[in-house]
Amino acid sequence: MKYKAIIWDLDGTLMDTLQDLYLATNHALKTYGMPERTLDEVRRFVGNGVRRLIQLAVPKGEENPLFEDVFKEFKAYYVVHCQDNTDLYDGIADTLKALKQQGIRMAVVSNKLQSGVDELYRDYLSATIDVAIGERPGMQRKPAPDMVDLALSELGVNKDEAVYVGDSDVDIMTARNAGLPCISVLWGFRDRDFLIQHGATTFAEKPTDIIKEIAR
């Protein structure tokens, strides 16, 4: 195999979480009498953590005096409803099983809060993925390389043995900052043209393409 380990992004790569993020965002906005956002707007807003999502969704962002209230409402609602419509993308479960059977070590790194990562990891990914790292105190969010560096350390692999897989410009930057090659998936929250504009060079149109790519 070309690589011994894969570092995965979570939202838009392994799991389709968009609908629940969209509903939680609009619940919080509506609660405080603010205009709701479209699904495409929320799609564009995700990728840099939930605080950034709400900064972009709330009129005037953090300058809005109700920002912290909206953010608190979003988090409270999302914790309860984060799995209402969320699931692994088609083909991901089988792909993860096949990779594990081939001896590939795997980790998830996400700008989602650690508590949210832990819940989704427990219910969907713990049988195949070894490490799950989310936003936590003292840890810089992606595209800083901190989460990837920690994941590699916990997996016990070197950078030249690993590849990063994600669906966004943030993921491309994260891989670059961490010194890893990047495979950009085309079933997530960004399209091919957008990814190319942000430096993507290697693509996966379906999950099984990951298996082929790491075996090259």
Side-chain angles (χ1 to χ4, degrees), residues 1-17 47 88-112 114 116-136 138-190 192 195-196 198-216:
M1 301 296 287
K2 186 177 180 180
Y3 300 107
K4 294 182 179 179
I6 298 175
I7 310 298
W8 295 91
D9 170 54
L10 181 59
D11 295 51
T13 301
L14 292 174
M15 305 195 73
D16 186 356
T17 58
L88 297 173
Y89 283 105
D90 290 344
I92 286 292
D94 289 341
T95 295
L96 292 177
K97 289 177 184 177
L99 289 166
K100 183 177 178 65
Q101 289 171 356
Q102 293 175 25
I104 302 298
R105 303 294 308 282
M106 292 182 282
V108 167
V109 295
S110 173
N111 281 340
K112 188 185 294 291
Q114 185 68 54
V117 172
D118 289 342
E119 183 173 347
L120 295 174
Y121 174 75
R122 180 192 67 227
D123 293 344
Y124 296 94
L125 301 167
S126 58
T128 51
I129 290 183
D130 307 289
V131 174
I133 297 170
E135 182 181 347
R136 60 180 75 168
M139 177 74 64
Q140 289 193 78
R141 294 195 307 271
K142 301 185 294 182
D146 300 43
M147 291 181 179
V148 175
D149 290 343
L150 178 59
L152 292 172
S153 176
E154 294 193 8
L155 290 175
V157 297
N158 298 320
K159 290 186 176 183
D160 60 0
E161 299 174 314
V163 63
Y164 187 101
V165 180
D167 72 304
S168 73
D169 51 322
V170 174
D171 294 312
I172 295 167
M173 289 187 288
T174 301
R176 184 181 301 127
N177 291 338
L180 268 61
C182 183
I183 300 173
S184 297
V185 307
L186 298 177
W187 57 79
F189 299 164
R190 306 289 188 269
R192 181 189 288 267
L195 293 169
I196 290 173
H198 289 83
T201 57
T202 304
F203 300 94
E205 293 187 356
K206 56 187 182 299
T208 53
D209 290 344
I210 304 294
I211 300 173
K212 297 175 184 178
E213 189 61 38
I214 69 168
R216 288 181 184 275

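One is the number of the first residue; the rest follow in order along the sequence. Just so it is clear, the structure is predicted and the values come from calculations on it, not from any experiment.
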Heavy-atom closest pair, residues Gly91 and Pro207 = O-CB, 3.7 Å
Who are the side chain to side chain contact (heavy atoms under 4.5 Å, CB included) partners of Ala162, not counting sequence neighbours?
-> Ala5, Leu152, Leu180
Identify, with sequence neighbours excluded, every residue that meets side chain to side chain donor-acceptor pair (under 3.5 Å) alongside Lys206.
-> Asp209
Hits for salt bridge (Lys or Arg N to Asp or Glu O under 4.0 Å) against Glu161, two or more places apart or cross-chain, chain-then-number order -> Lys4
To the nearest 0.5 Å, what is the distance between CG (Leu14) and CG (Leu120)?
-> 10.5 Å
Contacts of type side chain to side chain contact (heavy atoms under 4.5 Å, CB included), residue Arg176, not counting sequence neighbours = Ile172, Met173
Just checking, is any N or O donor in the side chain of Thr174 or Asn177 under 3.5 Å from an acceptor N or O on the other one?
-> no
Sequence-distant partners of Thr202, side chain to side chain contact (heavy atoms under 4.5 Å, CB included), two or more places apart = Ile183, Glu213
Looking only at heavy atoms, what is the nearest atom pair of Leu88 and Ala93, with distance?
-> CD1-CB, 4.0 Å
To the nearest 0.5 Å, what is the distance between CD (Glu205) and OG (Ser184)?
-> 12.5 Å
Who pairs with Asp94 by side chain to side chain donor-acceptor pair (under 3.5 Å), at least two apart in sequence or on another chain?
-> none
Salt bridge (Lys or Arg N to Asp or Glu O under 4.0 Å) partners of Asp149, counting only residues at least two apart | Lys159
How long is the span from the OH atom in Tyr121 to the CD atom in Gln114, to the nearest 0.5 Å?
-> 11.0 Å
Heavy atoms, side chains only, cut-off 4.5 Å: are Ile210 and Val163 in contact?
-> no
Sorted by chain and number, sequence neighbours left out, salt bridge (Lys or Arg N to Asp or Glu O under 4.0 Å) with Asp167 holds for none
On a heavy-atom basis, the closest approach of Lys100 and Thr128 is CD-CA, 3.6 Å
Should the heavy atoms of other residues, nucleotides or ligands under 6.0 Å from CG of Asp118 be counted, would the total exceed 12?
-> yes
Qualifying salt bridge (charged side-chain N to carboxylate O under 4.0 Å, His left out) pairs, either residue in residues 121-133, two or more places apart = Arg105-Asp130
With no hydrogens and no angle check, is any side-chain donor or acceptor of Tyr89 less than 3.5 Å from a backbone partner on Gly188?
-> no
Are Ile133 and Val117 close enough, and set up right, to give a side chain to side chain contact (heavy atoms under 4.5 Å, CB included), and what steps lead you there?
-> CA-CA 7 Å; Ile133 297 170; Val117 172; over 6 Å; no
In terms of heavy-atom contacts, Ala178 and Val148 come closest through CB-CG1, 3.7 Å
Residues passing the salt bridge (Lys or Arg N to Asp or Glu O under 4.0 Å) test with Lys112, sequence neighbours excluded, are Asp11
Output for pair (Tyr164 OH, Ile6 CD1), nearest 0.5 Å, gives 12.5 Å
For Tyr124, the side chain to side chain donor-acceptor pair (under 3.5 Å) test, sequence neighbours excluded, returns Gln83
Under-4.0 Å salt bridge between Asp171 and Arg190 = no
Any chance you could lay out the side chain to side chain contact (heavy atoms under 4.5 Å, CB included) test for Leu186 and Leu195, step after step, and finish with the verdict?
-> CA-CA 9 Å; Leu186 298 177; Leu195 293 169; 3.9 Å; yes
Report the distance from atom NZ of Lys142 to atom OG of Ser168, rounding to the nearest 0.5 Å.
-> 6.5 Å
Give the minimum heavy-atom separation between Asn111 and Gly47, together with the two atoms involved.
-> ND2-O, 3.1 Å
Could you give the distance from CD1 (Ile92) to CH2 (Trp187), rounded to the nearest 0.5 Å?
-> 5.0 Å
Partners passing side chain to side chain contact (heavy atoms under 4.5 Å, CB included) against Ile196 (at least two apart in sequence or in another chain) | Arg192, Phe203
Taking the side chain from Trp8 and the backbone from Val109, do they hold a donor-acceptor pair closer than 3.5 Å?
-> no
